[in-house]
Amino acid sequence: MIILTLLLGLCPRAFSQQDSLLVVFWNVENFFDYRSENKPPYWTRRRFEAKCDAVAKTLLRIADRYGRLPDAVGFAEVESAFVLRRLTSETALRKLDYRIVHYDSPDRRGIDCALLCRRSTRPLRDSAPKHVPDSAGGVMPTRDILLAEFDSLAILVNHHPSQIGGKDGRRQLAQGRLHALTDSLHAAGQPRTLAIGDFNQELRGIPGQAGNDGRLARNDAGTLKYNGKWEKIDGGFAEGFARVREEVFADPTLLERDSAWGGERPRRTFNGRRYRGGVSDHLPVVFIVYF
């Protein structure tokens, strides 16, 4: 297990269920219900079910790579609770104890953030969607930040406005909302926060651990390829942990040859209207957090 050795070393406590958690974030790109009015016209039930199976198998490959099932999985671009129920009840995940955390958001495309969390690992205490305010004090028509609270841990799942939308300050407002939420959680006595997501800005080299009680060790491989260049816009920010490790899960099953720019790229479900049979234009990010 060379990758495990590089990531975690040979520490015998590395996979202890008591002192660490395995958390995944993945933007699963337009994961629509095949019956939805929002879906593309070429999105069929068969293709939807194939994507559900591919997402589930990827999570099991992550479990095989790291020696344990993900304790929590954050998603971006999931349309509805139906998609998540299909994912957890009719795929290889069906015998596992994942609980769904999802709320409909005011996003114009009809996509939301969501979280799966294992009941047997760290039971969910509370959850809520947190709207992002616009510059006039109203609710921005974008993805809510999803807050899930557990004993001594809060996870915030984010999908901030895009680069184009960010030009009008919307992305900065989402960042400010996230900072305010983490500050309020700490003020309320929540000792640990893990903010994960698609932040729609380059994260390479950005410190991920505030305070002086730990640090986030990053793997700065890209999560998205745009115009031939890998960008790392998916990742996380952690506070209150002894240590946090982060790695982009660039599994070969999620990649294809990039005939235009060379090398490899994530294998998408669609490229325009052409069905590619992949999962997403983003790669998953894996976090191991130590208490």
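Here the structure is a predicted model, which means the values were calculated and not measured.
Thr253 and Asp251 share a donor-acceptor pair across their side chains, judged by distance under 3.5 Å alone. Side-chain contact annotation: Asp112 with Ser105, donor-acceptor N/O pair under 3.5 Å present.
Between His159 and Ile111 there is a side-chain heavy-atom pair separated by less than 4.5 Å. Residues Asp144 and Tyr103 fail the side-chain proximity criterion, which asks for heavy atoms closer than 4.5 Å. At least one side-chain heavy atom of Glu256 sits less than 4.5 Å from a side-chain heavy atom of Arg265. Inter-residue side-chain proximity for Gln201 and Gln175 is flagged as met; some heavy-atom pair is nearer than 4.5 Å. Looking only at side-chain heavy atoms (C-beta outward), Phe25 and Val157 come within less than 4.5 Å of each other.
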Item to check | Verdict with reasoning, Phe287 to Ile196, per side-chain contact (heavy atoms from CB on, under 4.5 Å) | outcome: CA-CA 9 Å; Phe287 307 87; Ile196 58 177; 3.5 Å; yes
Item to check | Intermediate values then yes/no, side-chain contact (heavy atoms from CB on, under 4.5 Å), Ile62 and Trp26 | outcome: CA-CA 12 Å; Ile62 289 173; Trp26 196 4; over 6 Å; no
Checklist entry - Between Leu116 and Leu87, does a side-chain contact (heavy atoms from CB on, under 4.5 Å) hold up when you go through it step by step? => result CA-CA 10 Å; Leu116 302 181; Leu87 176 64; 4.2 Å; yes
Checklist entry - Could you walk me through whether Thr91 and Arg86 pass the side-chain contact (heavy atoms from CB on, under 4.5 Å) check? => result CA-CA 7 Å; Thr91 69; Arg86 171 61 179 79; 3.2 Å; yes
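At least one donor-acceptor pair under 3.5 Å links the side chain of Asp71 to the backbone N or O of Leu22. Looking at Thr223, its side chain never comes within 3.5 Å of a backbone N or O of His282 through a donor-acceptor pair. In this structure, the side chain of Arg85 does not engage the main chain of Ser89 through any donor-acceptor pair within 3.5 Å. Remark: the backbone N or O of His160 is paired with a side-chain donor or acceptor of Arg143 at under 3.5 angstrom. Side-chain N or O atoms of Lys225 include none that pairs as donor or acceptor with a backbone N or O of Pro266 at under 3.5 Å. Judged by distance alone, with hydrogens and angles left aside, the side-chain atoms of Asn27 form no donor-acceptor pair with the main-chain N or O of Asp198 at under 3.5 Å. The backbone N or O of Ala63 lies less than 3.5 Å from no partner atom in the side chain of Arg68, so there is not a single donor-acceptor pair.
Residue His186 holds its NE2 atom at 11.0 Å from CG of Leu181, rounded to the nearest 0.5 Å. Going from atom CG of Leu185 over to atom CZ of Arg192 covers 13.5 Å, rounded to the nearest 0.5 Å. Distance CZ/Phe75 to CG/Leu146: 12.0 Å, rounded to 0.5 Å. Atom-to-atom distance recorded for Leu147:CG and Asn158:CG is 10.5 Å, nearest 0.5 angstrom. One finds the OG1 atom of Thr193 at 11.5 Å from the CZ atom of Phe237 (value rounded to the nearest 0.5 Å). A distance of 4.5 Å separates CG in Leu69 from OH in Tyr98, rounded to the nearest 0.5 Å.
Both tests pass for Arg35 against the ring of Phe82: distance under 6.0 Å to the centre and angle within 45° of the axis. Annotation: cation-pi pair Arg65/Phe249 absent, no NZ/CZ under 6.0 Å from the ring centroid and within 45° of its normal. Cation-pi contact between Arg46 and Tyr275: absent, since separation from the ring centre below 6.0 Å together with deviation from the ring axis within 45° is not met.
Here the closest non-hydrogen pair linking Asp104 and His102 is OD1-CE1, 3.3 Å. The minimum heavy-atom distance between Val248 and Gly222, with the atom names listed, is CG1-O, 3.5 Å. Nearest heavy atom pair, residue Val83 against residue Asp33, reads CG2-N, 3.6 Å. Smallest separation of non-hydrogen atoms from Pro40 and Phe32: CD-CD1, 4.1 Å. The two residues Pro284 and Val24 make their nearest non-hydrogen contact at CB-CG1, 4.3 Å. Considering every non-hydrogen atom in both Leu224 and Asp281, the closest pair reads CD1-O, 3.1 Å.
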Which donor-acceptor pairs under 3.5 Å do the side chains of residues 48-60 make with protein atoms, sequence neighbours left out?
unit_1: Glu49; atom_1: OE2; unit_2: Arg45; atom_2: NE; d: 2.9
unit_1: Lys51; atom_1: NZ; unit_2: Val28; atom_2: O; d: 2.7
unit_1: Lys51; atom_1: NZ; unit_2: Glu29; atom_2: O; d: 2.6
unit_1: Lys51; atom_1: NZ; unit_2: Thr269; atom_2: OG1; d: 3.2
unit_1: Lys51; atom_1: NZ; unit_2: Val279; atom_2: O; d: 2.9
unit_1: Thr58; atom_1: OG1; unit_2: Ala54; atom_2: O; d: 2.8
unit_1: Thr58; atom_1: OG1; unit_2: Arg61; atom_2: NH2; d: 3.4

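Each of Glu247, Glu246, Glu202 was evaluated against Lys232; a single residue qualifies, Glu246, per the salt bridge (charged side-chain N to carboxylate O under 4.0 Å, His left out) test. Just one of Gln190, Arg122, Arg125 meets the side-chain hydrogen bond (donor to acceptor under 3.5 Å, both in side chains) condition when paired with Ser152; it is Arg122.
More than 12 heavy atoms of other shown residues, nucleotides or ligands fall within 6.0 angstrom of atom OH in Tyr42.
Annotation: side-chain contact (heavy atoms from CB on, under 4.5 Å) contacts of Ala180 (sequence neighbours excluded): none. Partners of Asn38 according to the side chain to side chain donor-acceptor pair (under 3.5 Å) rule, which considers only residues two or more places apart in sequence or in another chain, are Glu79.
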